[in-house]
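Right, one structure below, let's go through it.
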Amino acid sequence: MNRTTACEVHRRLLEEYPIVDGQRHFLEFYNPYETLILTILSAQTTDRAVNAVRDALFARYPTPEALARAEPEEVEPLIRTIGFHRTKARHIVGAARKVVDEFGGEVPRTMEELLQLPGVGRKTANIVLSQAFDINVGIAVDTHVARLSKRLGFTGSKNPDIIERDLVALFPEEVWGDINYLLIRHGRAVCTAQNPKHDRCVVADLCRYYRELRDEGK
DNA sequence: ATCCCGAGGG
DNA sequence: CCCTCTGGAT
């Protein structure tokens, strides 16, 4: 895929899923603290499951200071339904404590600092930087981004590191955050893993996967 | 059965 | 490199 076509994909998806007030939030994030916690919780889980526990969690722990004072054992039952709840309870409490103790109660704004927080790896850090601060140091390749990148023809690889390299080379830096958001958004709604909805896809005519399906007479 | 915005530890 | 952590939706 060339840059011109990639740019057209970006334009059409942006029209389909408008970004209001610069908010690329498909979970209903409100601030850096909530973005950090919800992104940690989102690992290997659906946004629906995370949204289901969001209100109760932040009603009880509205700030990093409140969560830092909690014990993981008392946070666990609040997030029981999202999976990996024992590990994640430890992670978010540990992250809150580190934010309070070492970063003055503010969620850090650099990759290096974010990676020091428990439960935060490169993907989570990328997403927090992009969504909370509009700082785009790379492109977080989750399963949605990987699937759409392969189908549309942004990349030929299924290795996340190579996919990120291809995407970073294909798109100008100022739209990296957009691309992250838009591919995930489109992947959830239309370009699903099973039974993708080609008839509702605004980039079907640019899609390598769709073209191959038609060439095979399907 | 498979998948979901992975990270940490061996 | 591997394995474990975990529940809900489809």
Side-chain angles (χ1 to χ4, degrees), chain A residues 13 17 19 23-30 32-57 72-73 75-99 107-108 111-151 154-155 158-164 167-168 176-197:
Chain A
L13 290 180
Y17 312 106
I19 295 173
Q23 299 299 295
R24 304 184 186 94
H25 295 173
F26 45 94
L27 292 171
E28 294 167 36
F29 295 150
Y30 299 111
Y33 161 65
E34 295 186 356
T35 302
L36 172 67
I37 299 306
L38 292 174
T39 307
I40 292 173
L41 294 183
S42 293
Q44 203 60 20
T45 265
T46 59
D47 60 302
R48 180 186 301 189
V50 175
N51 272 326
V53 305
R54 197 196 72 214
D55 289 343
L57 183 64
E73 292 73 28
V75 176
E76 254 185 65
L78 286 176
I79 60 172
R80 180 174 34 83
T81 54
I82 68 173
F84 304 126
H85 54 276
R86 220 159 310 179
T87 307
K88 285 174 178 175
R90 273 191 282 108
H91 284 170
I92 62 176
V93 169
R97 288 177 180 171
K98 197 141 192 171
V99 164
V107 176
M111 172 67 76
E112 189 188 347
E113 291 172 317
L114 280 168
L115 288 177
Q116 297 172 27
L117 304 178
V120 178
R122 233 162 51 84
K123 277 187 204 173
T124 303
N126 256 334
I127 292 164
V128 171
L129 286 172
S130 172
Q131 296 196 353
F133 305 123
D134 198 22
I135 296 170
N136 302 300
V137 298
I139 295 180
V141 179
D142 57 36
T143 53
H144 290 302
V145 174
R147 185 175 67 252
L148 269 73
S149 296
K150 190 102 194 306
R151 286 183 177 172
F154 293 156
T155 182
K158 57 174 189 172
N159 178 310
D161 293 329
I162 297 178
I163 294 173
E164 179 174 5
L167 289 174
V168 162
W176 288 353
D178 285 4
I179 287 300
N180 235 322
Y181 166 79
L182 293 170
L183 293 186
I184 293 169
R185 188 75 194 254
H186 192 57
R188 281 201 308 153
V190 177
C191 191
T192 45
Q194 295 121 13
N195 306 316
K197 300 157 183 64

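FYI, side chains are in, hydrogens and waters are out, and symmetry mates aren't considered; it's all heavy atoms of this structure. First the proteins, then the strands, lettered A, B, ... as listed; each starts at 1.
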Side chain to side chain, His85(A) and Thr45(A), heavy atoms closer than 4.5 Å: no
Please list, by residue number, the residues of residues 83-99 of chain A whose heavy atoms come closer than 4.0 Å to an atom of DNA chain C; answer none if no residue qualifies. Gly83(A), Phe84(A), His85(A), Arg86(A), Thr87(A)
Write down the distance separating the P atoms in dA9(C) and dA7(B), rounded off to the nearest Å. 24 Å
Spacing between Gln116(A) atom CD and dA7(B) atom P, to the nearest angstrom: 15 Å
If you look at every strand shown and take non-hydrogen atoms under 4.0 Å, does Val120(A) touch a base, only sugar-phosphate, or nothing? sugar-phosphate
Stem regions touching DNA chain B, defined by at least 3 consecutive Watson-Crick or wobble G-U pairs below 3.5 angstrom: B:1-4 with C:7-10, B:6-9 with C:2-5
Tell me: CD1 of Ile184(A) to P of dC3(B), nearest whole Å? 18 Å
Checking salt bridge (Lys or Arg N to Asp or Glu O under 4.0 Å) for the pair Asp161(A)/Arg122(A): CA distance, chi angles, key distance, verdict? CA-CA 11 Å; Asp161(A) 293 329; Arg122(A) 233 162 51 84; 3.5 Å; yes
Rounded interatomic separation in angstrom, taking CG from Asn195(A) and C1' from dT2(B): 13 Å
Heavy atoms of Leu78(A) and Ala56(A) approach each other most closely as CD2-CB, 4.2 Å
Take atom P in dT6(C) and the same atom in dT2(B), then report the distance between them in whole Å. 22 Å
Any non-hydrogen side-chain atom of Leu167(A) less than 4.5 Å from a side-chain atom of Thr155(A)? no
Could you check how far CG of Leu41(A) sits from C1' of dG6(B), rounded to whole Å? 12 Å
I need the minimum non-hydrogen distance between Gly177(A) and Ser130(A), along with the two atoms involved. CA-OG, 3.5 Å
How many whole angstroms separate atom CG of Leu114(A) from atom P of dA7(B)? 11 Å
Comparing Leu115(A) and Asp142(A) on DNA chain B - which has the more 5′ nearest nucleotide: Asp142(A)
Ignoring hydrogens, what is the shortest heavy-atom contact between Gly138(A) and Trp176(A)? Give both atom names and the distance. N-CE3, 3.7 Å
Round to a whole Å and report the spacing from CZ of Arg147(A) to P of dC3(B). 10 Å
Round to the nearest Å and state the distance from Leu36(A) atom CG to dA7(B) atom P. 12 Å
Decide yes or no for Asp178(A) and Leu13(A): does some side-chain heavy atom of the first lie under 4.5 Å from some side-chain heavy atom of the second? no
Any side-chain heavy atom of Leu36(A) sitting closer than 4.5 Å to one from Leu117(A)? yes
Donor-acceptor contact below 3.5 Å, side chain Lys123(A) vs main chain Ala43(A): no
Roughly how many Å apart are dG8(B) and dG8(C), using the C1' atom of each and rounding to a whole number? 24 Å
For the side chain of Glu76(A) and the backbone of Arg86(A), is there at least one donor-acceptor N/O pair under 3.5 Å apart? no
Between the main-chain N or O of Gly187(A) and the side-chain N or O of Arg147(A), is there a donor-acceptor pair closer than 3.5 Å? yes
Nt span of DNA chain C in reach of chain A heavy atoms at under 4.0 Å, 5' end first, is dC5(C) to dT10(C)
Main-chain N/O of Thr35(A) paired with Thr39(A) side-chain donor or acceptor, under 3.5 Å: yes
What is the distance, to the nearest angstrom, from the CG atom on Asp47(A) to the C1' atom on dC3(B)? 13 Å
